[in-house]
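Numbers restart at 1 for each chain; the letters A, B, ... are given by sequence-line order, proteins then strands. Side chains are part of it too, since the values below use all heavy atoms of this structure and drop only hydrogens, waters and symmetry mates.
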2 protein chains.
Amino acid sequence: MMTDEQLREQLKQKGLKITPQRVAIYRAVMKLKNHPTAENIIEHIKLNYPNISIGTVYKVLDSLVENQLLKKVKNEKDVMRYDAIIHQHHHLYCIETERIEDYDDPDLDKLITKYFKQKKIKGFKVKDITLQINGEFKIK
Amino acid sequence: MMTDEQLREQLKQKGLKITPQRVAIYRAVMKLKNHPTAENIIEHIKLNYPNISIGTVYKVLDSLVENQLLKKVKNEKDVMRYDAIIHQHHHLYCIETERIEDYDDPDLDKLITKYFKQKKIKGFKVKDITLQINGEFKIK
DNA sequence: TTCGCCAAAGATAATAATTCTCATTTAGAA
DNA sequence: TTCTAAATGAGAATTATTATCTTTGGCGAA
């Protein structure tokens with residue numbers, strides 16, 4: 001887990017002012033697994049910042065996304081979710097429950113990178129690829 | 001392009017009543033390329049059905065999605081978009097402009113299918129995979 | 001072909017997520 | 001420490017979508 005110091009450093013490098021709200025929100029997204037919604041984040045933050053404004057949370061999330069410290073994750077059904085950018089990974093979507101889990105697979109990444117190195121898409125420059133693996137979590 | 005007759009047949013097979021609104025909406029999504037938003041669809045429909053209710057459009061889109069005649073696609077930024085289901089395909093997302101284009105690549109599909117036939121994800125049953133290929137459309 | 005039922009459409013209110021506005025505060029450079 | 005642009009807070013506004021309720025009409029059965 002990232003220390004507070006590292007986290008502040010990240011903000012600083014992007015030229016963002018280090019405010020307690022930003023630190024708290026950034027930290028919250030890192031801490032809250034499973035791709036929190038803005039609502040999840042607000043709820044969590046409110047424990048320590050009962051007076052934080054919802055607008056602020058949205059603004060901070062936006063600025064973190066703009067500065068590539070967070071990613072927005074789309075969900076076919078409903079609300080936008082956020083995801084700390086730590087490393088390249090894919091998503092398992094449960095069609096039934098809408099649960100999202102991260103899925104790491106360096107072999108797969110290698111395979112796909114190799115594929116697109118050889119096969120160009122004309123008129124389009126590929127930056128990165130995320131797989132949306134749809135299916136169902138098996139009952140345990 | 002699908003004829004009106006084929007299109008009605010599709011609705012019928014799903015046990016949906018064939019109403020002029022449904023036909024028009026289904027047709028509109030097929031016609032409007034590039035993953036129209038509900039708004040795009042409404043705008044288009046209004047030309048022939050100036051009095052159609054927005055709620056109806058949403059309801060029809062929902063029922064078409066439920067019956068797997070359409071798919072919902074959500075872009076990274078905000079709004080829901082709709083996509084006629086014709087066959088398996090992926091999406092090219094332009095990071096700059098949010099433009100979405102379809103991308104077909106049977107070779108790629110084969111490669112990935114083969115990969116996941118051999119490599120199982122424990123606790124998860126894969127149904128289908130969509131690639132989100134992020135990048136930029138080159139200027140022409 | 002007509003009848004009658006129930007799904008579907010229309011109108012509009014309600015809700016939910018997100019954005020905007022603007023007054024106030026504050027981080028951090030000078 | 002001071003100053004200023006940037007950030008925050010509060011709450012109104014906007015936008016997309018859903019819900020409710022009444023009316024209409026598709027279509028199976030008589």
Side-chain angles (χ1 to χ4, degrees), chain A residues 4-5 7-26 28-29 35-43 45-46 48-67 69-70 72-82 98, chain B residues 4-5 7-29 35-46 48-67 69-70 72-82 98:
Chain A
D4 238 63
E5 208 35 64
L7 201 145
R8 285 154 174 280
E9 186 51 33
Q10 295 254 33
L11 293 173
K12 203 167 178 182
Q13 278 183 9
K14 299 290 183 177
L16 295 173
K17 283 188 185 173
I18 298 165
T19 66
Q21 292 89 339
R22 278 199 176 133
V23 174
I25 290 166
Y26 191 11
V29 180
H35 312 81
T37 60
E39 204 191 348
N40 297 149
I41 296 163
I42 290 162
E43 197 182 333
I45 296 287
K46 285 259 178 182
N48 295 313
Y49 284 83
N51 298 326
I52 200 166
S53 166
I54 290 169
T56 300
V57 177
Y58 278 102
K59 264 179 291 179
V60 168
L61 288 171
D62 273 358
S63 74
L64 295 178
V65 169
E66 260 171 46
N67 287 280
L69 294 172
L70 299 181
K72 281 188 179 182
V73 177
K74 85 192 165 96
N75 162 316
E76 310 251 315
K77 286 266 174 60
D78 53 12
V79 189
M80 205 59 78
R81 299 182 180 202
Y82 296 86
E98 291 172 50
Chain B
D4 238 61
E5 209 34 66
L7 199 145
R8 284 154 174 282
E9 186 51 36
Q10 294 254 30
L11 293 173
K12 204 169 178 179
Q13 277 183 9
K14 300 290 183 175
L16 295 173
K17 284 186 183 172
I18 298 166
T19 66
Q21 293 87 341
R22 277 198 178 135
V23 174
I25 291 166
Y26 192 9
R27 173 155 295 291
V29 179
H35 311 84
T37 60
E39 204 191 348
N40 297 149
I41 296 163
I42 291 163
E43 196 182 335
H44 186 260
I45 296 289
K46 285 258 178 184
N48 295 313
Y49 284 84
N51 298 326
I52 201 165
S53 165
I54 289 168
T56 299
V57 176
Y58 278 103
K59 267 181 289 182
V60 169
L61 289 171
D62 273 358
S63 74
L64 295 177
V65 170
E66 259 172 46
N67 286 281
L69 294 172
L70 299 182
K72 278 188 181 181
V73 177
K74 194 164 192 174
N75 77 7
E76 308 250 317
K77 285 266 173 59
D78 54 6
V79 189
M80 203 64 78
R81 298 182 178 206
Y82 297 85
E98 290 172 56

Just to confirm, is there a sub-4.0 Å distance from OP1 or OP2 of [N] to any side-chain nitrogen or oxygen of [X]?
{"X": "B:Gln21", "N": "C:dG10", "answer": "yes"}
{"X": "B:Thr19", "N": "C:dA9", "answer": "yes"}
{"X": "B:Ser63", "N": "C:dA8", "answer": "no"}

### Message
Heavy-atom count check: over 12 atoms from other residues, nucleotides or ligands less than 6.0 Å from B:Lys12 NZ?
### Response
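Check fails, neighbour count at 12 or below.
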Checklist entry - Should we say atom CD of B:Glu39 is surrounded by more than 12 heavy atoms from elsewhere, each under 6.0 Å from it? => result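 Counting neighbours around CD of B:Glu39, 12 or fewer heavy atoms of other residues, nucleotides or ligands fall under 6.0 Å, so no.
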Rounded distance in Å - [atom1] ([X]) to [atom2] ([N]):
{"X": "B:Lys14", "N": "D:dC27", "atom1": "NZ", "atom2": "P", "answer": "17 Å"}
{"X": "B:Asp62", "N": "D:dA16", "atom1": "CG", "atom2": "P", "answer": "16 Å"}
{"X": "B:Tyr26", "N": "C:dA8", "atom1": "OH", "atom2": "P", "answer": "16 Å"}
{"X": "A:Glu66", "N": "D:dA7", "atom1": "CD", "atom2": "P", "answer": "10 Å"}
{"X": "B:Ile18", "N": "D:dG28", "atom1": "CD1", "atom2": "P", "answer": "9 Å"}
{"X": "A:Lys12", "N": "D:dA7", "atom1": "NZ", "atom2": "C1'", "answer": "18 Å"}
{"X": "B:Ile42", "N": "C:dA9", "atom1": "CD1", "atom2": "C1'", "answer": "14 Å"}
{"X": "A:Leu64", "N": "D:dT8", "atom1": "CG", "atom2": "C1'", "answer": "15 Å"}

Shortest non-hydrogen contact from A:Thr37 toward A:Asn40
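That would be N-OD1, 2.8 Å.
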Check side-chain contact (heavy atoms from CB on, under 4.5 Å) between A:Val65 and all other residues, then give those that pass, not counting sequence neighbours.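 Partners of A:Val65 by the side-chain contact (heavy atoms from CB on, under 4.5 Å) criterion, ordered by chain and then number, come out as A:Leu70, A:Lys72, A:Tyr82.
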Provide a list of protein-nucleic acid N or O atom pairs under 3.5 angstrom, restricted to nucleotides 12-14 of chain D.
none

(request) State, with a plain yes or no, whether a side-chain heavy atom of A:Val57 is found less than 4.5 Å away from one of A:Ile54. (result)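 Side-chain contact under 4.5 Å: no.
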Would you say the side chain of A:Leu61 lies within less than 4.5 Å of the side chain of A:Val29, judging by non-hydrogen atoms?
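A:Val29 vs A:Leu61: side chains touch.
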Reading DNA chain C from 5' onward, which residue's closest nucleotide shows up sooner: B:Leu16 or B:Asn51?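 The answer here is B:Leu16.
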- CD1 on A:Ile41 to OH on A:Tyr58, rounded to 0.5 Å: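 Between atom OH of A:Tyr58 and atom CD1 of A:Ile41 there are 9.0 Å.
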Point to revise | Gap separating the CG atom of A:Leu11 from the CG atom of A:Leu64, nearest 0.5 angstrom | key: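 Those atoms lie 6.5 Å apart.
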query: When the C1' atoms of the five terminal pairs at each end define the local axes, what inter-axis angle does the helix from C:dT1-D:dA30 to C:dA30-D:dT1 show, to 10 degrees?
result: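 Roughly 40°, once rounded to the nearest ten degrees.
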Side-chain donor-acceptor contacts of residues 13-24 of chain B below 3.5 Å, not counting sequence neighbours, with atom names and distances?
unit_1  : atom_1 : unit_2  : atom_2 : d
B:Lys14 : NZ     : B:Asn67 : O      : 3.2
B:Thr19 : OG1    : B:Arg22 : N      : 3.1
B:Arg22 : NH1    : B:Lys17 : O      : 2.9

Protein heavy-atom contacts under 4.0 Å, written 5' to 3' over nucleotides 1-6 of chain D as B (base), S (sugar-phosphate only) or - (none), form the string ----BS
Margin query: For DNA chain D, which residues of residues 52-59 of chain A approach it to below 4.0 angstrom with any heavy atom?
Written below: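 When residues 52-59 of chain A is checked for heavy atoms under 4.0 Å from DNA chain D, the hits, listed by number, are A:Ile52, A:Ser53, A:Thr56, A:Lys59.
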